[in-house]
Amino acid sequence: RCLDMVNRTRDSALEMHTIAPDDKPTYDMICAADTVGVFQIESRAQMSMLPRLQPRNYYDLVVEVAIVRPGPIQGGMVHPYLKNREHLRKGGKITPEYPELNPALERTLGIPIFQEQVMQIAMIAADFTPGEADDLRRSMAAWKRKGGVERFHGRLVNAMVKNGYSAEFSERIFKQILGFGDYGFPESHAASFAKLVYVSSWLKCHEPACFLAAMINSQPMGFYTPSQLVQDARKHGVEVRAVDVTASEWDCTLEPAGPTTRLPPYPGVHADQPAVRLGLRLVAGLSEAAALRIENSRTEAPFTSTEDLV
């Protein structure tokens with residue numbers, strides 16, 4: 001909906017795959033946790049993580065989506081990952097405890113965050129066959145099912161110790177794997193979500209009027225009420241106009257903005273933002289059919305009074 005609105009407003013042909021992939025204002029907004037209404041990163045938990053993780057590219061968003069989940073949290077992956085990330089940010093290097101695990105862990109700074117990494121670790125460190133590793137994956141996907149991940153403890157830990165890994169490291173890896181029994185993301189799933197996160201963030205950053213209208217027209221959804229979305233859009237320089245039976249349609253629509261009522265544009269916002277006219281859908285108790293009758297009636301003649309409307 002939002003892309004369609006942008007394309008109609010700008011006479012453009014934007015699609016998800018044509019949006020600039022490394023837009024600095026968008027990532028600045030994300031790192032500031034200014035993500036009200038943004039897919040997947042609008043919750044309080046995600047918003048508290050964003051300034052700490054400081055996502056600056058697409059794969060950072062893949063990690064962000066996956067790490068704020070019960071699995072990584074219960075498995076103790078969050079703080080070690082953030083510690084390693086901060087170490088890198090300060091110019092340090094990550095020295096792997098067991099370099100042979102780099103194919104599985106290097107991309108996430110030595111910490112398993114995704115289900116696919118668990119499968120790789122099991123095959124590299126514990127000599128799991130591909131079939132056994134897939135069985136482990138299925139056990140991780142069956143959250144809270146009795147006899148799930150726990151049944152792999154002896155098989156995994158004993159094989160790792162036999163192959164030269166310390167008992168402490170082996171148990172730590174299994175504890176992290178155990179966390180996935182409380183819900184952990186596959187990397188492929190997180191990658192798909194991250195794409196939607198970035199596109200949603202770009203639209204909110206550069207086209208906040210269209211973003212607001214599309215969000216309200218898609219209600220009910222997300223964590224935030226229409227009034228909260230409106231307040232946030234006004235912070236981004238959007239002029240929001242009240243519901244008006246002489247102008248509003250069922251959905252929120254875009255109108256030319258008034259030159260004297262605009263707030264200073266938020267960094268990154270397209271300079272020529274339209275105003276948002278709130279839709280009749282926000283009137284409690286008013287059906288869409290009744291709203292359409294109002295729209296049809298005023299095309300015949302303007303309403304002259306409240307009695308004329310009724």
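What you see below is based on every heavy atom in this structure, not just the backbone, and it leaves out hydrogens, waters and symmetry mates.
- Within the structure, every pair that satisfies the salt bridge (charged side-chain N to carboxylate O under 4.0 Å, His left out) test and touches residues 205-216, not counting sequence neighbours, is listed here: Arg10-Glu207.
- Connection of Leu101 to Phe114 is established within a shared hydrophobic cluster, with ILVMFWY side chains joined at heavy-atom distances below 4.5 Å, either directly or through further cluster members.
- One finds no salt bridge joining Arg1 and Asp4 here, because no Lys/Arg side-chain nitrogen approaches an Asp/Glu carboxylate oxygen to under 4.0 Å.
- Remark: the His236 side chain and the Gln273 side chain contain no N/O donor-acceptor pair separated by less than 3.5 Å.
- Other residues, nucleotides and ligands contribute at most 12 non-hydrogen atoms within 6.0 Å of the CZ atom of Arg44.
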Quiz: residues 93-100 side-chain donor-acceptor pairs under 3.5 angstrom, not counting sequence neighbours:
| residue | atom | partner | partner atom | Å |
| --- | --- | --- | --- | --- |
| Glu97 | OE1 | Arg172 | NH2 | 3.4 |
| Tyr98 | OH | Ser166 | N | 3.0 |
| Glu100 | OE2 | Tyr165 | OH | 3.0 |

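- A side-chain donor-acceptor contact under 3.5 Å links His206 and Asp23.
- We find that Asp60 and Arg85 are joined by a salt bridge, their nearest charged nitrogen and carboxylate oxygen being less than 4.0 Å apart.
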Step-by-step salt bridge (charged side-chain N to carboxylate O under 4.0 Å, His left out) determination, Glu187 to Arg107: CA-CA 11 Å; Glu187 188 171 15; Arg107 63 189 183 276; 3.0 Å; yes
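- Gln46 and Thr35 are not linked by any side-chain donor-acceptor pair at a separation below 3.5 angstrom, with hydrogens and angles left out of the test.
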Intermediate values then yes/no, salt bridge (charged side-chain N to carboxylate O under 4.0 Å, His left out), Arg56 and Asp22: CA-CA 8 Å; Arg56 284 293 171 184; Asp22 298 306; over 6 Å; no
Side chain to side chain contact (heavy atoms under 4.5 Å, CB included) between Gln117 and Ile177, worked out: CA-CA 10 Å; Gln117 291 176 292; Ile177 292 173; over 6 Å; no
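- Residues that satisfy the ring pair (Phe, Tyr, Trp, His ring centres under 6.0 Å) test with Tyr198, not counting sequence neighbours, are Tyr27.
- Among pairs with a residue in residues 213-230, those fulfilling side-chain hydrogen bond (donor to acceptor under 3.5 Å, both in side chains) read Thr225-Ser227, Thr225-Gln228, at least two apart in sequence or across chains.
- Side-chain contact of Asp127 with Asn163: a donor-acceptor pair under 3.5 Å is present, judged by distance alone.
- The two atoms that bring Trp202 and Ala20 nearest to each other are CD1-O, 4.3 Å, heavy atoms only.
- Pairs passing the side-chain hydrogen bond (donor to acceptor under 3.5 Å, both in side chains) check and including a residue from residues 244-258, sequence neighbours excluded, read Arg241-Glu255, Asp244-Thr246, Asp251-Arg281, Glu255-Arg277.
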Full working for salt bridge (charged side-chain N to carboxylate O under 4.0 Å, His left out) between Glu86 and Lys83: CA-CA 5 Å; Glu86 182 63 21; Lys83 181 180 177 181; over 6 Å; no
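- In terms of hydrophobic clustering, with Ile, Leu, Val, Met, Phe, Trp and Tyr side chains grouped at heavy-atom distances under 4.5 Å, Met49 and Met47 are assigned to a common cluster.
- Both Met77 and Val62 are members of a single hydrophobic cluster when ILVMFWY side chains are connected at heavy-atom separations under 4.5 Å.
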Trace of the salt bridge (charged side-chain N to carboxylate O under 4.0 Å, His left out) decision for Asp34 with Lys235: CA-CA 10 Å; Asp34 184 5; Lys235 293 178 184 176; over 6 Å; no
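- Qualifying ring pair (Phe, Tyr, Trp, His ring centres under 6.0 Å) partners for Phe39, counting only residues two or more places apart in sequence or in other chains: Phe193.
- Put simply, the side chain of Ser200 never gets that close to the backbone of Val38: no donor and acceptor are under 3.5 Å apart.
- Summarising the geometry of Gly37 relative to Leu229, their closest heavy-atom pair is CA-CD2, 4.2 Å, with the distance given to 0.1 Å.
- Between Leu280 and Ala291, the shortest heavy-atom distance links the atoms CD1-CB, 3.8 Å.
- Geometrically, Arg155 engages Phe128 in a cation-pi contact defined by less than 6.0 Å to the ring centre and at most 45° from the axis.
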